[in-house]
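Counting from 1, the numbers follow the sequence of the chain as shown.
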Amino acid sequence: MRRSRLSVTLAAFLLALSGVLVLPAEAANLLVNPGFEAGSVSGWTCANAAVVSAPVHSGSRALAGTPVGADYAQCAQTVSVQPNTTYTVSAWVRGNPVYLGVTGGPSTWSGNSSSYNQLSLAFTTGNQTSAQLYLHGWYGAGTYYADDVVLDGPGGSTPGTPSAPGTPQITSATAGSIALSWGASAGTVTGYRVYEGSAVVATVAGTSATIGGLAACTTHSYAVAAYNSAGESPKSAAGTGSTSGCVDTGLPKHALVGYLHASFANGSGYVRMADVPAAWDIIDLAFGEPTSVTSGDIRFIRCPATECPNVESDADFTAAIKAKQAQGKKVLISIGGQNGQVQLTTTAARDKFVSSVSAIIDKYGLNGLDVDFEGHSLSLNAGDTDFRNPTTPVIVNLISALKTLKAKYGSGFVLTMAPETFFVQVGYQFYGGSGAGDARTGAYLPVIHALRDSLTVLHVQDYNSGPVMGLDNQYHNMGGAEFHIAMTDMLKAGFTVANTGQFFPGLRPDQIAIGLPAAVSAGNGHTSPAEVQAAVNCLVKGNGCGSYTLRGGTSPGFRGLMTWSINWDKYYSWEFQNSHEPFLNALP
């Protein structure tokens with residue numbers, strides 16, 4: 001169906017499920033200072049090795065080891081593990097020959113290389129509670145470099161160390177600080193270390209801490225470890241929170257978002273901008289499309305009279321937009337859709353994207369931009385496994401373009417995104433750059449993460465989707481309340497990204513909406529109004545969640561509902577609008 005937004009088929013989804021290793025949900029990188037970002041070899045035992053600022057694989061630091069004489073510049077780290085458990089090990093290396101291995105277990109190596117390549121292996125513990133990972137070069141062979149080392153699997157406990165603390169909970173937040181508390185560890189405890197990523201941001205004696213010096217309206221994810229004279233416990237699961245001080249975009253607390261077919265009719269009929277009912281708080285103009293897939297040159301061509309006989313003039317269209325804005329509504333240009341494949345493969349395409357999108361926004365006086373990249377617009381190159389530091393050009397250039405647009409138009413610029421589940425929640429199981437399967441899985445995650453502090457609303461399309469595993473490690477199918485509950489909870493709670501050992505922090509509730517088809521003709525996975533509202537009541541109030549337990553807690557600030565599309569809703573006598581606007585307005 002033309003512009004149906006059905007771009008990731010079930011067949012493609014199933015392809016991603018095939019041949020890919022699924023690690024336990026609790027898997028995590030057990031190493032301290034794994035990317036050497038501490039600026040030292042802290043956590044490692046090294047000989048003839050130091051931390052350097054170049055060349056790096058990601059971040060700002062890497063390890064350089066130079067064998068001298070009979071020494072081969074080994075760096076090693078011992079971690080607590082669980083007996084009879086399988087772990088994976090990986091590292092990015094370059095330069096002269098370098099070995100990666102586990103003492104008493106397997107090893108692998110790489111020859112001379114002028115660029116970073118990834119070494120990886122798996123090993124299974126015996127009746128042991130610790131394992132030593134090592135990196136080293138070879139006698140007289142010259143300097144090797146290593147970065148982003150991962151020992152992936154469930155943590156163990158060194159005898160005498162405390163157990164893992166409880167997951168930190170956010171007790172309060174200001175524009176510059178976040179206060180945390182957590183359950184105490186069992187055993188003898190000297191104190192607790194609060195981690196943000198691999199960095200220790202607080203050390204306290206009790207089970208609470210306040211992290212200060214934070215920027216306003218930013219999201220942070222913290223884990224806690226207990227320690228005593230015997231060592232440090234495994235880290236807790238991560239807790240995510242946000243500082244206050246976000247700019248008020250003028251949206252209602254609970255909003256209704258809809259796409260308006262402004263450049264085509266699609267069988268549902270053309271709706272003039274002036275005839276869009278006042279119920280719609282964000283109106284996305286569908287679609288701006290590129291002149292070619294890789295040009296970055298976006299054009300918005302209004303529906304021709306031959307297809308849309310009742311289309312208004314440009315002057316009337318622009319006047320109607322201004323009238324909507326005078327009522328407090330936001331009107332955005334949506335880029336992409338099913339037909340609008342956009343691949344910013346070069347910096348020239350990036351710059352053209354910025355200038356051409358700006359021209360559309362300025363011509364019609366729009367409030368912002370909706371990113372609706374589907375199909376093959378976004379995918380990850382092999383080896384691009386860290387969503388926090390992506391390297392794939394189409395990802396890096398899109399992030400740069402969106403940041404430039406946000407900076408150009410200021411804090412009031414409305415930025416929304418409408419990815420499919422395949423590009424977001426499926427990243428819990430499979431991440432495109434990390435191995436076999438479809439390279440598009442989870443490909444929106446680095447974009448969302450990089451723009452999380454500028455993002456107004458993320459409304460993932462909870463339709464045109466295959467089965468998706470939720471945080472309960474069960475598959476959920478579209479069309480009912482449970483699917484929307486599970487998919488939305490993943491966005492609020494955050495999740496470990498496939499087999500990378502990295503945690504994608506959850507978003508603020510006010511940044512999260514549910515995307516739905518307005519009617520059965522609008523997309524696969526139509527959900528009845530009663531089921532939609534049952535899902536929202538669970539997410540907002542904690543009522544009627546059935547067998548599902550919210551991992552991210554309730555979300556009174558939940559932003560609302562998005563639909564494809566306003567045109568299809570009119571075609572079906574406004575069922576979506578008439579059912580959901582009063583429901584959203586009645587929420588606390």
Side-chain angles (χ1 to χ4, degrees), residues 25 167-173 178 180 217-223 236-244 246 251 253-255 257 387 416-421 423-429 442 444-445 447-449 451-462 465 468-474 476 478 481-497 502-516 532-562 584 587-588:
T167 303
Q169 305 295 313
I170 310 304
T171 55
S172 64
I178 293 176
L180 312 167
C217 196
T218 54
T219 301
H220 303 268
S221 185
Y222 300 107
S236 70
T240 300
S242 302
T243 54
S244 59
C246 298
L251 290 172
K253 183 177 181 180
H254 307 296
V257 182
F387 75 88
T416 66
M417 298 181 190
E420 294 155 297
T421 57
F423 295 93
V424 184
Q425 288 95 334
V426 173
Y428 177 53
Q429 273 193 295
Y444 250 93
L445 294 177
V447 181
I448 296 167
H449 184 68
L451 276 300
R452 64 169 58 243
D453 296 329
S454 300
L455 181 63
T456 310
V457 187
L458 175 71
H459 31 61
V460 174
Q461 300 176 34
D462 280 7
S465 172
V468 183
M469 180 176 284
L471 297 179
D472 55 357
N473 291 328
Q474 302 297 313
H476 300 272
M478 62 181 182
E482 187 180 85
F483 187 75
H484 305 302
I485 292 168
M487 295 302 98
T488 309
D489 190 39
M490 295 180 80
L491 302 178
K492 168 72 182 303
F495 52 88
T496 300
V497 179
Q502 299 154 10
F503 185 80
F504 176 79
L507 297 171
R508 304 189 313 267
D510 65 280
Q511 293 177 299
I512 301 171
I514 296 174
L516 302 151
V532 172
Q533 293 173 15
V536 173
N537 279 326
C538 167
L539 294 164
V540 172
K541 305 174 184 178
N543 298 337
C545 297
S547 61
Y548 188 89
T549 300
L550 293 174
R551 273 69 177 174
T554 56
S555 300
F558 169 74
R559 180 59 76 182
L561 301 174
M562 172 275 276
L584 291 175
L587 289 175

Side chains of [X] and [Y] in contact at under 4.5 Å (non-hydrogen atoms):
X      : Y      : result
Val460 : Phe423 : no
Ser465 : Glu420 : no
Leu491 : Ile448 : no
Ile512 : Leu539 : no
Thr554 : Val540 : no

Check side chain to side chain contact (heavy atoms under 4.5 Å, CB included) between [X] and all other residues, then give those that pass, not counting sequence neighbours.
X      : answer
Ala534 : Ala481
Ser172 : Ala179
Ser244 : Ala175
Lys541 : Asn537, Asn543, Leu587, Pro588

Where [X] and [Y] come nearest, the two heavy atoms and their spacing:
X      : Y      : answer
Thr496 : Phe503 : N-CD1, 3.8 Å
Leu584 : Gly560 : CD2-CA, 4.3 Å
Ala418 : Gln461 : O-NE2, 2.9 Å
Tyr444 : Val424 : CB-CG2, 3.9 Å
Ala237 : Thr167 : CB-OG1, 3.4 Å
Leu471 : Ala493 : CD1-CB, 3.8 Å

Keeping [X] on the side-chain end and [Y] on the backbone end, is there a donor-acceptor pair under 3.5 Å?
X      : Y      : result
His254 : Phe558 : yes
Thr243 : Cys217 : yes
Glu482 : Tyr548 : no
Asp510 : Gly557 : no
His476 : Met469 : no
Gln425 : Gly470 : no

Could you verify whether a donor N or O on one side chain and an acceptor N or O on the other, from Thr219 and Ser242, lie under 3.5 Å apart?
-> yes
Hey, what do you get for [atom1] ([X]) to [atom2] ([Y]), rounding to the nearest 0.5 Å?
X      : Y      : atom1 : atom2 : result
Arg508 : Arg452 : CZ    : CZ    : 9.5 Å
Leu458 : Leu507 : CG    : CG    : 6.0 Å
Asp489 : Leu550 : CG    : CG    : 5.0 Å
His484 : Leu516 : NE2   : CG    : 5.0 Å
Phe504 : His449 : CZ    : NE2   : 7.5 Å
Gln511 : Leu451 : CD    : CG    : 10.5 Å

Taking only residues two or more places apart in sequence or in another chain, which ones pass side-chain hydrogen bond (donor to acceptor under 3.5 Å, both in side chains) with Arg559?
-> none
Considering residues at least two apart in sequence or located in another chain, which fulfil the side-chain hydrogen bond (donor to acceptor under 3.5 Å, both in side chains) criterion with Arg551?
->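 With sequence neighbours excluded, Arg551 shows a side-chain hydrogen bond (donor to acceptor under 3.5 Å, both in side chains) to no residue whatsoever.
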Carefully, step by step, assess Thr416 and Val257 under the rule side-chain contact (heavy atoms from CB on, under 4.5 Å).
-> CA-CA 10 Å; Thr416 66; Val257 182; over 6 Å; no
Kindly assign one of parallel, tilted or perpendicular to the pair Tyr428 and Phe495, based on the angle between their ring planes and the thresholds 30° and 60°.
->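 Perpendicular: the ring planes of Tyr428 and Phe495 meet at over 60°.
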